[in-house]
Amino acid sequence: MRVYNFSAGPAVLPEEVLKEAADEMLDYNGTGMSVMEMSHRSKAYDDIIKTAEKDLREIMNIPDNYKVLFLQGGASQQFAAVPMNLMKNKKAAYIVTGQWAKKAFQEAKIYGEAIKVASSEDKTFSYIPDCSDLDIPDDVDYVYICENNTIYGTKFHTLPNTKGHTLVADVSSCFLSEPVDVTKYGVIYGGVQKNVGPAGLVISIIREDLITDDVLPGTPTMLKWKTQADNDSLYNTPNCYAIYICGKVFKWIKKMGGLEAMKVHNEKKAKILYDFLDRSKLFKGTVRPEDRSIMNVPFITGNEELDAKFVKESKAAGFENLKGHRTVGGMRASIYNAMPIEGVEKLVEFMKKFEAENG
Ligand SMILES: *Cc1c(COP(=O)(O)O)cnc(C)c1O
């Protein structure tokens with residue numbers, strides 16, 4: 001039996017994608033082998049990666065002057081790749097809205113002058129700072145954000161005013177959750193294990209003029225975006241199986257009606273949960289309402305023992321991974337694309353029952 005898996009990542013994937021992959025495990029499309037056993041230079045694999053890219057371009061409406069790279073090392077590897085590839089003036093502006101943004105900021109400091117232009121750390125990252133008129137030096141190479149803060153459950157609903165500078169965004173936990181205007185970004189990247197596929201793969205969508213040989217001295221060949229772009233993400237053996245699963249998820253999203261439909265589906269789920277939290281006498285959300293994420297929903301009872309009891313009892317009732325991040329405590333429900341509405345409805349029913357018993 002499958003549980004309702006509220007994990008922040010690696011996270012729930014569409015059941016039909018998993019079933020299809022299972023059906024193809026021993027013999028992919030008449031090749032007599034698994035995708036795991038296949039040369040990344042084979043015709044069959046070439047079709048898989050090309051089709052995945054084509055479908056992603058279609059879903060996200062990615063313009064022709066952007067490259068799509070399937071890279072290894074997860075989102076965290078891009079924390080270094082971003083400054084290595086973009087820091088021509090060795091200066092960048094970072095908006096620090098959580099642990100992941102902070103890690104990226106700290107990594108950038110290894111390579112140049114990373115300037116924290118805004119932060120929400122004063123209130124445990126429970127809001128998105130006003131980024132409409134930040135003090136951004138003229139000579140920064142880019143402005144960096146983590147668009148959806150997985151741990152704290154906040155989301156930039158308005159992109160920052162970068163004052164004309166290139167915007168770089170880590171979208172790991174909101175990837176493909178709603179339509180996006182790619183042209184507003186220089187670089188969009190995300191580890192796929194939050195909303196798209198298996199861990200270890202990061203997809204970077206990069207405007208072509210930002211992909212050059214002019215990288216920081218000492219940049220490893222593998223971390224140079226140009227190496228990867230020139231080789232269509234096949235400079236070395238990529239994470240073949242993860243790309244194959246992502247390709248299936250892209251097809252699933254298309255079938256479901258694309259990103260517009262995903263947004264409707266995700267907003268509906270988030271509303272069920274937030275509406276309950278706003279009415280509940282026991283549970284409350286931890287995020288400023290206007291900055292709430294529709295992907296990650298943290299909440300608390302205000303009593304640590306009761307939180308622990310809730311996590312334990314919810315697990316026994318078939319709701320997995322509701323424990324909050326170790327740095328925040330409380331609970332967190334991650335309700336990515338593949339979480340059915342029914343999962344959220346049942347969770348709310350369970351929370352009501354818990355409230356009645358413990359209120
Ligand atoms: C999970 C996560 C990461 C880290 O991803 P890895 O693939 O483990 O490196 C980075 N940024 C955000 C926003 C995340 O949610």
Side-chain angles (χ1 to χ4, degrees), residues 5-13 69-84 94-108 110 114 119-121 124-128 142-157 159-160 167-178 180 185 187-206 220 222-223 228 233 238-239 241-243 245-246 249 266 287 291-298 321 323-328 332-339:
N5 180 6
F6 293 92
S7 171
V12 57
L13 287 171
L69 304 181
F70 296 97
L71 307 173
Q72 298 184 56
S76 301
Q77 185 73 284
Q78 296 300 297
F79 295 172
V82 165
M84 285 180 152
Y94 277 73
I95 299 171
V96 178
T97 51
Q99 294 292 347
W100 295 117
K102 199 171 176 178
K103 280 194 172 157
F105 168 62
Q106 279 160 350
E107 190 74 16
I110 299 174
S119 167
S120 53
E121 195 162 10
T124 23
F125 300 119
S126 60
Y127 69 102
I128 297 290
Y142 58 90
V143 175
Y144 183 99
I145 61 167
C146 176
E147 192 163 330
N148 185 82
N149 296 280
T150 326
I151 297 172
Y152 303 94
T154 59
K155 160 101 205 281
F156 281 85
H157 293 296
L159 293 175
L167 180 64
V168 176
D170 173 357
V171 300
S172 296
S173 50
C174 58
F175 216 0
L176 305 182
S177 63
E178 59 184 318
V180 49
Y185 305 79
V187 181
I188 306 182
Y189 75 90
V192 302
Q193 75 274 28
K194 306 296 160 67
N195 208 16
V196 193
L201 175 68
V202 52
I203 299 178
S204 285
I205 300 157
I206 309 169
M222 279 285 290
L223 288 192
Q228 305 289 355
S233 306
N239 189 340
Y241 199 78
I243 294 167
I245 297 289
C246 288
V249 172
N266 290 326
V287 169
D291 300 324
R292 286 169 167 174
S293 163
I294 57 169
M295 294 278 96
N296 312 98
V297 182
N321 292 311
K323 192 175 192 308
H325 190 266
R326 59 196 144 78
T327 60
V328 208
R332 171 180 49 171
S334 293
I335 48 176
Y336 297 120
N337 288 350
M339 172 60 64

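We count ligands from 1, going down the list as the structure has it; atoms in each ligand are counted the same way. Start at 1 with the first residue, then count along the sequence.
For Gln193, every heavy-atom contact with ligand 1 shorter than 4.0 Å involves the side chain, none the backbone.
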### Query
For Phe125 and Val96, what are the C-alpha separation, side-chain angles and deciding distance, and is it a side chain to side chain contact (heavy atoms under 4.5 Å, CB included)?
CA-CA 9 Å; Phe125 300 119; Val96 178; 4.1 Å; yes
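Every atom of ligand 1 with a heavy atom of Thr150 under 4.0 Å away is listed here by number and element: 12 (C), 13 (C), 14 (C), 15 (O). Within ligand 1, the atoms closer than 4.0 Å to a non-hydrogen atom of Lys194 are 1 (C), 2 (C), 3 (C), 14 (C), 15 (O), numbered from 1 in the order shown. Numbered from 1 in the order shown, with element, the atoms of ligand 1 that lie under 4.0 Å from a heavy atom of Cys146 read 13 (C).
No side-chain donor from either of Ser177 and Asn266 sits under 3.5 Å from a side-chain acceptor of the other. With no hydrogens or angles considered, a side-chain donor-acceptor pair links Asn296 and Tyr336 at under 3.5 Å.
Ranking the protein heavy atoms by distance from atom 11 (N) of ligand 1 puts Asp170 OD2, 2.6 Å first. Protein heavy atom at the shortest distance from atom 9 (O) of ligand 1 is Ser76 OG, 2.6 Å.
Enclosure of atom NZ in Lys323 is not indicated, since only 12 or fewer non-hydrogen atoms of other residues, nucleotides or ligands lie within 6.0 angstrom.
Residue Ala75 has at least one nitrogen or oxygen atom sitting less than 3.5 Å from a nitrogen or oxygen atom of ligand 1, judged on distance alone.
Within the 4.5 Å cutoff, the side chain of Tyr152 has no heavy atoms near those of the Ser293 side chain. Looking at Glu147 and Lys155, their side chains come closer than 4.5 Å, going by heavy atoms from C-beta outward.
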